[in-house]
2 protein chains.
Amino acid sequence: MKINDQEVAFEIEGKRYHCAMDITMDYIGGKWKTVVLWYLRNDKKRFGELRQLIPQITERMLSIQLKQLEEDGLVRREVFATKPPLKVDYSLTDFGRTLLPVLEAVAKWGRELGHSKGELVEIKSGLNKG
Amino acid sequence: MKINDQEVAFEIEGKRYHCAMDITMDYIGGKWKTVVLWYLRNDKKRFGELRQLIPQITERMLSIQLKQLEEDGLVRREVFATKPPLKVDYSLTDFGRTLLPVLEAVAKWGRELGHSKGELVEIKSGLNKG
DNA sequence: CAGAATCCGACAAGATACTG
DNA sequence: CAGTATCTTGTCGGATTCTG
């Protein structure tokens, strides 16, 4: 990366990265993005479906993550304004699909660690909202 | 993940995770861990070597990352107390090596995006310390 | 050489309440 | 149904200084 007095970097849409890991982690880093992308890997999902699939996420965080994923071109948002009850679908774009091998590797590693070292725990919760 | 009123989670060494992505990202998440692991993928490196390989990182952050990676069992720290000038080697453990497929996937995706969308930029810097 | 200690700002993320 | 708005807390990471 360093050539004498000069360093080399990549710029993608105004953002500067210093190596390949950097780039990828900027797209999928953080606590939620991989999880959201994972649940979109097969088919489109609605906002409420994602909420139920990821009980720990708040509406606020889900909203923010989806918006960022959309801005990054990984996720497509489709609105069907039927009546007052809105219908919004989220799905992976083709660009988002290029991430699938990465997501699969990440999921596989976690899954295997969970099986070898993890203990299964059950959490009772009367309703989702404690 | 949700079964009626109950949620299921994994516990690994006291930490609770709700899905596989969650587990992996806890180990390699953040701005630096993937980069550090990446530079250790082939051979052991000394603290100063890593600093030079990752010019953007501060000593503080490198120190913190290495300590966490060691606590997580991904990296091994070897000290050779020769004289006042310490010599410390960092290398991947066998457990750390299990991450290599993940790291390779992450690196590959970033590399390809860099090639297709990125612009190469050169950054002049008289010394590393601006 | 290889860190540790301290301080601090920025942002990530949680809790709660409200809306078109 | 699919979000916003507001407030608060927590953590990440940068800058600087010091040490065995």
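Keep in mind it's a predicted model, so treat the numbers as computed, not measured. Just so you know, these numbers use all the heavy atoms, side chains as well, and skip hydrogens, waters and symmetry mates. Quick note on labels: first sequence line is chain A, next is B, and so on, each numbered from 1.
When the P atom of D:dC12 is taken as reference, atom CE of A:Met25 falls 13 Å away, rounded to whole Å. Spacing between atom CZ of B:Phe80 and atom P of C:dC1 amounts to 17 Å, rounded to whole angstrom units. Atom CZ in B:Arg60 sits roughly 13 Å away from atom C1' in D:dT17 (whole-Å rounding). Here the P atom of nucleotide D:dT19 and the CZ atom of B:Phe47 are 18 Å apart, to the nearest Å. The interatomic distance linking A:Ile57 (CD1) with C:dA13 (P) rounds to 9 Å, in whole Å. The separation between A:Asp26 atom CG and D:dC12 atom P is 17 Å, rounded to whole Å. We find that CH2 of B:Trp32 is positioned 9 Å from C1' of D:dG13, with the value rounded to whole Å. Separating the CD atom of A:Glu59 from the C1' atom of D:dA5 is a distance of 13 Å, rounded to the nearest angstrom.
Close to D:dG3, at under 4.0 Å from its OP1 or OP2, lies a side-chain N or O of A:Arg77. Residue B:Tyr90 places none of its side-chain N or O atoms closer than 4.0 Å to OP1 or OP2 of C:dC1. In this structure, B:Arg46 reaches the C:dA2 phosphate: one of its side-chain N or O atoms is under 4.0 Å from OP1 or OP2. Remark: B:Lys67 is not in phosphate contact with C:dG3, judged by side-chain N or O atoms under 4.0 Å from OP1 or OP2. Contact annotation: B:Lys31 reaches the phosphate of D:dG14 (side-chain N/O to OP1 or OP2, under 4.0 Å).
Looking at every heavy atom in both residues, B:Trp32 comes nearest to B:Gln56 through CH2-CB, 3.9 Å. The shortest heavy-atom contact between A:Ile12 and B:Gly118 is CG1-CA, 3.7 Å. The nearest pair of heavy atoms linking A:His18 to B:Ile54 is NE2-CG2, 3.7 Å.
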Side-chain donor-acceptor pairs of residues 57-70 of chain A under 3.5 Å, sequence neighbours excluded:
unit_1  : atom_1 : unit_2  : atom_2 : d
A:Thr58 : OG1    : A:Met61 : N      : 3.1
A:Glu59 : OE2    : A:Arg51 : NH1    : 3.1
A:Gln68 : OE1    : A:Lys33 : NZ     : 3.1

Enumerate donor-acceptor pairs with a distance under 3.5 Å from any side-chain N or O in residues 88-110 of chain A to protein atoms, sequence neighbours excluded.
unit_1   : atom_1 : unit_2   : atom_2 : d
A:Tyr90  : OH     : A:Arg77  : NE     : 3.1
A:Thr93  : OG1    : A:Gly73  : O      : 2.6
A:Thr93  : OG1    : A:Leu74  : O      : 3.2
A:Thr93  : OG1    : A:Phe95  : N      : 3.4
A:Thr93  : OG1    : A:Gly96  : N      : 2.9
A:Arg97  : NH1    : A:Arg41  : O      : 3.3
A:Thr98  : OG1    : A:Phe95  : O      : 2.5
A:Thr98  : OG1    : B:Trp109 : NE1    : 3.0
A:Trp109 : NE1    : B:Thr98  : O      : 3.4
A:Trp109 : NE1    : B:Thr98  : OG1    : 3.0

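Where A:Ile64 and B:Gln68 each meet DNA chain D at their nearest nucleotide, the meeting point lying more 5' is that of A:Ile64. The residue among A:Glu49 and B:Gln65 whose nearest nucleotide of DNA chain D is located toward the 5' end is A:Glu49.
Considering only side-chain atoms of A:Met61, the nucleotide from C:dA13, D:dA2, D:dA15 that sits closest is C:dA13. Checking D:dT16, C:dA13, D:dG3 against the side-chain heavy atoms of A:Val88 singles out D:dG3 as nearest. In the set D:dA2, D:dA5, D:dA15, D:dA15 carries the atom at the smallest distance from any side-chain atom of B:Thr58.
Note that the CG atom of B:Asp43 and the NZ atom of B:Lys45 stand 3.5 Å from one another [nearest 0.5 Å]. Taking OH from B:Tyr39 and OG1 from B:Thr34, the interatomic distance works out to 10.5 Å, rounded to the nearest 0.5 Å.
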> B:Leu37 and B:Val75: side-chain contact (heavy atoms from CB on, under 4.5 Å), yes or no, with the steps?
Replying inline: CA-CA 8 Å; B:Leu37 291 169; B:Val75 161; 3.9 Å; yes

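Helix bend of the helix from C:dC1-D:dG20 to C:dG20-D:dC1: the angle between its two end axes, each built from five pairs, comes to 60° after rounding to 10°.
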